[in-house]
Amino acid sequence: MSKIGFIGLGIMGSPMAGHLAAAGHTVTGFDLSEPALAKLVESGGQRAANVAEAVAGAEVVITMLPQDEHVLAVTTDVIAAGGDGLLLIDMSTIRPETSVAVTESAARKGIRVLDAPVSGGEAGAKQASLSIMVGGSDADFAEALPLFEVLGKTIVHVGPTGAGQVVKAANQLVVGGIYALVSEAIVLLEAAGVDARAGLDVLAGGLAANRILDLKRESMIARNFQPGFRIDLHHKDMGIVLAAARQADVSLPMAALVAQLVAAARAMGHGSLDHSALLKVVETLSGRD
């Protein structure tokens with residue numbers, strides 16, 4: 001069993017930290033939210049008053065934070081408080097170059113880093129069925145694998161530092177594109193007088209089948225956009241996709257369109273809603289909102 005510092009106990013981080021504590025690991029967590037800290041204690045973890053206290057005595061530190069600036073600020077404190085040999089696993093979704101910068105900074109202190117963003121949303125975090133894409137060294141991945149196996153079902157070492165973030169960018173592009181297409185399918189079916197529920201049931205059983213249809217078609221038809229993953233965060237992620245495409249010198253025209261649809265959702269005031277609320281944008285474009 002490992003001594004783990006877990007920083008970032010939000011929608012994703014809270015159940016993840018709880019799973020690790022339930023598996024028998026000693027988990028000391030820190031978050032700015034008092035209810036999040038209380039929930040960790042209820043799950044068998046321990047609370048820390050700050051980052052340094054969460055890191056103290058830890059063999060592994062896991063960060064699960066919203067954006068690059070949060071990761072840079074927190075990992076600076078982790079590196080300052082951590083000792084030689086510490087394994088820092090950043091499971092946030094950030095730019096690949098940020099992961100590289102954190103790794104280089106940590107190496108000067110003898111701290112090892114894996115970038116290990118996840119896919120699966122709130123449901124995947126609660127069910128411990130996340131997909132985890134990991135960048136870093138083979139040895140560090142092997143050491144972290146037992147922890148990843150507590151949190152997810154699909155766990156793949158995809159390459160060196162930053163590779164996990166590139167794969168996550170590709171994931172977010174595909175997820176956003178599918179949400180847009182499912183939204184258009186719903187609008188088309190309803191406008192044509194077809195039962196959207198029946199229509200999507202057929203799509204989910206054929207070549208158009210996908211996890212979003214499996215998990216979200218009922219809530220989308222019901223216009224239930226309670227966030228599992230907010231539009232605001234997907235907007236941030238599409239910025240990562242476009243930046244990665246520029247850095248790789250490739251053209252991704254569909255990525256640009258998806259990014260604009262997500263930006264439109266945010267501009268319309270839907271940033272706090274689930275990313276399935278792209279349906280609201282498609283409805284507005286068709287005059288059916």
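Since the model is a prediction, treat every value here as computed from it, not as a measurement. Keep in mind that the numbers below use all heavy atoms, side chains included, and drop hydrogens, waters and symmetry copies.
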In terms of hydrophobic clusters joined by side-chain contacts under 4.5 Å, are [X] and [Y] together?
X	Y	value
V175	F225	yes
F229	V281	no
V150	I155	yes
L181	I186	no
I231	M268	yes

Applying salt bridge (Lys or Arg N to Asp or Glu O under 4.0 Å), can you list everything that pairs with [X], at least two apart in sequence or on another chain?
X	result
D232	R230, R266
E104	none
E42	none
E190	R223

I'd like to know if K216 and D274 make a salt bridge, using a cut-off of under 4.0 Å between side-chain N and carboxylate O.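 Yes, this pair counts.
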Less than 4.0 angstrom from a charged side-chain N to a carboxylate O is my criterion; do R197 and E218 meet it?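 Salt bridge present between R197 and E218.
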Using a side-chain heavy atom cutoff under 4.5 Å and only I, L, V, M, F, W and Y, what cluster partners does L65 have?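 Joined to L65, directly or through intermediates: I7, F30, L32, V51, V55, V61, V71, L72, V74, V78, I79, L86, L88, I94, V102, I111, V113.
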Nearest 0.5 Å please: distance from the CG atom of L213 over to the CE atom of M220.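 It comes to 8.5 Å.
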Taking atom CG of L278 and atom CD1 of I178, what is their separation to the nearest 0.5 Å?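 It is 12.0 Å, given to the nearest 0.5 Å.
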Please find the pair of heavy atoms, one from [X] and one from [Y], that lie closest to each other, and give the distance.
X	Y	value
A58	G5	CB-N, 3.8 Å
A17	V27	O-CG2, 4.1 Å
A21	G44	CB-C, 4.0 Å
R95	A243	NH1-CB, 2.8 Å
L242	A259	CD1-CB, 3.8 Å
G164	P117	O-CG, 3.2 Å

I'd like to check the side-chain hydrogen bond (donor to acceptor under 3.5 Å, both in side chains) partners of [X]; sequence neighbours left out, ordered by chain and number.
X	answer
E122	K126
N224	none
R217	D201
S92	D90

Side chain [X], main chain [Y], donor-acceptor under 3.5 Å:
X	Y	value
K109	A80	yes
K280	D289	no
H270	A265	no
S183	L279	yes
H157	G159	yes
T103	S99	yes
D115	G162	yes
H19	M16	no
H234	Q172	yes

Side chain to side chain contact (heavy atoms under 4.5 Å, CB included) involving [X] - partner list, sequence neighbours excluded:
X	result
A267	none
A169	I240, V241
S129	Q127, K153

Evaluate salt bridge (Lys or Arg N to Asp or Glu O under 4.0 Å) for K39 paired with E34, printing each intermediate quantity in order. CA-CA 9 Å; K39 188 172 182 179; E34 176 61 32; over 6 Å; no
List the steps and the verdict of side chain to side chain contact (heavy atoms under 4.5 Å, CB included) for F6 and L20. CA-CA 10 Å; F6 203 112; L20 290 166; 4.0 Å; yes
Indicate yes or no: at least one non-hydrogen side-chain atom of [X] is less than 4.5 angstrom from one of [Y].
X	Y	answer
Q165	M133	no
M64	L9	no
I212	Y179	yes
Q226	L273	no
V60	L147	yes
E59	L87	no
L40	D31	no
T154	I132	no

Compute whether any side-chain donor of one residue and acceptor of the other, for T93 and D237, lie under 3.5 angstrom apart.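 D237 and T93 do not have a side-chain donor-acceptor pair below 3.5 Å.
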Modelled atom types, side-chain donor and acceptor of T26 and K3, under 3.5 Å: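 Side-chain D/A pair, T26 to K3: absent.
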In sequence, state the C-alpha distance, the side-chain angles, and the governing distance for R112 and E143, and then conclude on salt bridge (Lys or Arg N to Asp or Glu O under 4.0 Å). CA-CA 11 Å; R112 301 161 295 143; E143 182 177 331; 2.7 Å; yes
Please evaluate residues R288 and V187 with respect to the criterion side chain to side chain contact (heavy atoms under 4.5 Å, CB included), reporting the C-alpha separation (whole Å), side-chain torsions for both, the decisive distance (0.1 Å), and the verdict. CA-CA 8 Å; R288 301 183 64 84; V187 169; 4.0 Å; yes
May I have the step-by-step check of side chain to side chain contact (heavy atoms under 4.5 Å, CB included) for M238 and L173, ending in yes or no? CA-CA 7 Å; M238 292 310 300; L173 167 57; 4.1 Å; yes
Quick one: which of L145, D140, L114 gives a side chain to side chain contact (heavy atoms under 4.5 Å, CB included) with V134?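 Result: among L145, D140, L114, L114 is the only option passing the side chain to side chain contact (heavy atoms under 4.5 Å, CB included) with V134.
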Is it the case that over 12 heavy atoms from other parts of the model lie below 6.0 angstrom from the CZ atom of R211?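 Not more than 12 within 6.0 Å, no.
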